[in-house]
Protein chains: 2
Amino acid sequence: MNRPSDTQERILNSARELIYASSYADVGVASICEHAGVKKGSFYHFFPSKSDLTRAVLETYFIDIKERIIGQALMDDLPPLQQLQNITQIVYEFQKQTKEQTGQILGCPLGNLATELSTTDEPIRNKIANIFQRLQESFQLLLEKAHERGDITDINTEATAAAMLAYFEGVIMMAKTRNDAEVVKQLLPAMVNIRITQ
Amino acid sequence: MNRPSDTQERILNSARELIYASSYADVGVASICEHAGVKKGSFYHFFPSKSDLTRAVLETYFIDIKERIIGQALMDDLPPLQQLQNITQIVYEFQKQTKEQTGQILGCPLGNLATELSTTDEPIRNKIANIFQRLQESFQLLLEKAHERGDITDINTEATAAAMLAYFEGVIMMAKTRNDAEVVKQLLPAMVNIRITQ
DNA sequence: GATTGACTTGACCGACCGGTCTACTATAAT
DNA sequence: ATTATAGTAGACCGGTCGGTCAAGTCAATC
């Protein structure tokens, strides 16, 4: 009774791209369907609302960041602080690449939606808060490893991880606003020097 | 031949409040007019478009930040790094206050619009980039004073000011996403320890 | 007191919004 | 072969969007 279909994925990918390239409000359901090659009826067969779809899209953003940025940075068998440094380099290259391809710095898909929707769509705000938490924990894990190795001392790893994530998002916001990837190159490496003591 | 009128200011103040409380896309021209007690015709007499109005609103956001936050922090005759520290404290109290009054952390009005519109409205992106530049210069001035006093050495004041502003925006974004002012209290003071060396 | 022009009024526009609905198709289970 | 159902198609809905416009009001100028 179930026909296999890639429609759901097509919708997700379409929304992923369009929302990242502009904003939640600026991308209509009709555009998402058109870009996916799908009719509106199918859209609402798979997703009860645009907000629901966006929460699903957010999860794919997280998976991408986790795999393509953090996972990539951890592949080299380096000290944890070096791996953190890797992250900043990978992000720079990614932002630079999208700038070359689209002419624009698109920023962070999570931060973009966080600032746009946190006050008007509670389920989305909550979803993003949850994702930020998981990213923070990835940072924290690296900090704890560095602590065990004796690379850092007297540090509040949880608060420092949160501070690093905040700096990360802030730098990317500035790069997007100036539409200049070099902002990332100049500022983001300093992320690994942030410390919040106990 | 010119009748004095507070209509323009009423529109500006209305838009200021409504856009800060939600977002650019979520606030219609009709809502702005209604909240200002003004008819649509008057709106388009004073402002050629919603985008133009928003650029004027952005300038008022800057003036407010400059006067009510930076100006306030500089009133006490303290060492420059202490004055920077003051800024973080004032911002915490402000965010905490809006949370108490509205139940929500509204974040930074500049950062909010920066992430929402930088890729879709070039004049607005440019306006925000300009404002960020001026804020960065305020930070830089304090860093240079600190340098002259010998409080800090071997520092790239321009890059460090940019990094501090980025961290500032990032922390406020996280507070908004978590809808928790305590994030600001815990993370923002570390802003003054950020250094980017030459 | 006639003229000028800044300002106000509110009806109106086409386009688009998110979402609904009914009819239809295709396939898998019986 | 019949039935059940997941998925597709696309017309349609009321409401809202940013923006326009013609008509009018009012005060300052001459």
Side-chain angles (χ1 to χ4, degrees), chain A residues 1-58 113 116-117 119-125 127, chain B residues 1-58 112-113 116-125 127:
Chain A
M1 306 183 198
N2 58 336
R3 261 189 295 173
S5 157
D6 62 345
T7 301
Q8 193 164 1
E9 264 190 37
R10 300 254 298 277
I11 295 169
L12 272 169
N13 284 330
S14 170
R16 264 177 67 85
E17 292 172 16
L18 294 178
I19 290 174
Y20 182 42
S22 52
S23 68
Y24 178 81
D26 206 50
V27 177
V29 174
S31 311
I32 293 169
C33 292
E34 197 177 356
H35 187 242
V38 156
K39 302 299 175 183
K40 221 181 221 187
S42 296
F43 180 101
Y44 283 99
H45 175 73
F46 288 106
F47 301 99
S49 73
K50 187 187 175 188
S51 175
D52 276 86
L53 160 72
T54 303
R55 269 170 276 151
V57 165
L58 279 163
L113 292 171
E116 182 184 356
L117 300 174
T119 55
T120 56
D121 190 317
E122 173 64 15
I124 286 183
R125 184 201 65 73
K127 178 75 187 175
Chain B
M1 303 186 197
N2 59 335
R3 262 187 294 170
S5 158
D6 62 344
T7 302
Q8 192 165 2
E9 263 191 37
R10 299 253 298 278
I11 295 169
L12 271 170
N13 284 331
S14 170
R16 264 178 67 85
E17 293 172 16
L18 294 179
I19 290 174
Y20 182 43
S22 52
S23 67
Y24 179 80
D26 206 50
V27 176
V29 174
S31 311
I32 293 169
C33 291
E34 198 177 355
H35 187 242
V38 156
K39 303 297 175 185
K40 219 182 223 187
S42 295
F43 180 100
Y44 283 99
H45 174 74
F46 289 105
F47 300 99
S49 73
K50 187 187 175 188
S51 175
D52 275 87
L53 161 72
T54 303
R55 269 171 275 149
V57 165
L58 279 163
N112 292 349
L113 291 171
E116 182 184 357
L117 300 174
S118 279
T119 55
T120 56
D121 189 317
E122 172 65 14
I124 285 184
R125 184 201 65 73
K127 177 75 187 176

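Chain naming here is simple, since letters A, B, ... match the order of the sequence lines and numbering starts at 1 in each. Because the structure is predicted, anything quoted here is derived from the model rather than measured.
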Checklist entry - Please give, in whole Å, the distance from D/dG19 P to B/Phe46 CZ? => result 17 Å
Checklist entry - Has B/Glu9 got more than 12 heavy atoms of other residues, nucleotides or ligands less than 6.0 Å from its CD? => result no
Next on the checklist: Could you work out, with side chain to side chain contact (heavy atoms under 4.5 Å, CB included) as the rule, every residue matching B/Asp52, not counting sequence neighbours?
Outcome noted: B/Pro48, B/Ser49, B/Arg55
Checklist entry - Where do B/Glu116 and B/Thr120 come nearest, in terms of heavy atoms and distance? => result O-OG1, 4.0 Å
Item to check | Atom-to-atom span, NE2 of B/His45 to P of D/dT20 - whole angstrom | outcome: 15 Å
Checklist entry - So do A/Leu12 and A/Phe46 actually touch side chain to side chain, heavy atoms under 4.5 Å? => result no
Checklist entry - Can you tell me how far P of C/dC7 sits from CG of B/Asp6, to the nearest Å? => result 12 Å
Could you tabulate the donor-acceptor pairs under 3.5 Å formed by side-chain atoms of residues 18-33 of chain B, not counting sequence neighbours?
{"residue": "B/Tyr20", "atom": "OH", "partner": "B/Gly107", "partner atom": "O", "Å": "2.6"}
{"residue": "B/Ser22", "atom": "OG", "partner": "B/Leu18", "partner atom": "O", "Å": "3.1"}
{"residue": "B/Ser23", "atom": "OG", "partner": "B/Asp26", "partner atom": "N", "Å": "3.3"}
{"residue": "B/Tyr24", "atom": "OH", "partner": "B/Ser51", "partner atom": "N", "Å": "3.4"}

Checklist entry - Would a 4.5 Å heavy-atom cut-off, applied to side chains only, mark B/Ile11 and B/Gln8 as touching? => result no
Item to check | Separation of atom CD in B/Glu34 from atom C1' in C/dT9, rounded to whole Å | outcome: 16 Å
Checklist entry - Expressed in angstrom and rounded to an integer, what is the separation of B/Glu9 atom CD from C/dC7 atom P? => result 13 Å
Checklist entry - For C/dC7, does either OP1 or OP2 sit under 4.0 Å from a side-chain N or O belonging to B/Thr7? => result no
Checklist outcome for this item: Of the candidates D/dG10, C/dT9, D/dT8, the side chain of B/Lys39 sits closest to C/dT9
Checklist entry - Mapping B/Val38 and A/Gly41 onto DNA chain C by nearest heavy atom, which one lands closer to the 5' end? => result B/Val38
Item to check | Rounded interatomic separation in angstrom, taking CZ from B/Phe43 and P from C/dA11 | outcome: 19 Å
Check the interface with nucleotides 14-18 of chain C: list each N/O to N/O pair with the protein under 3.5 Å, or write none.
{"residue": "C/dG18", "atom": "OP1", "partner": "A/Lys50", "partner atom": "NZ", "Å": "2.7"}
{"residue": "C/dG18", "atom": "OP2", "partner": "A/Val29", "partner atom": "N", "Å": "2.8"}
{"residue": "C/dG18", "atom": "N7", "partner": "A/Lys40", "partner atom": "NZ", "Å": "3.2"}

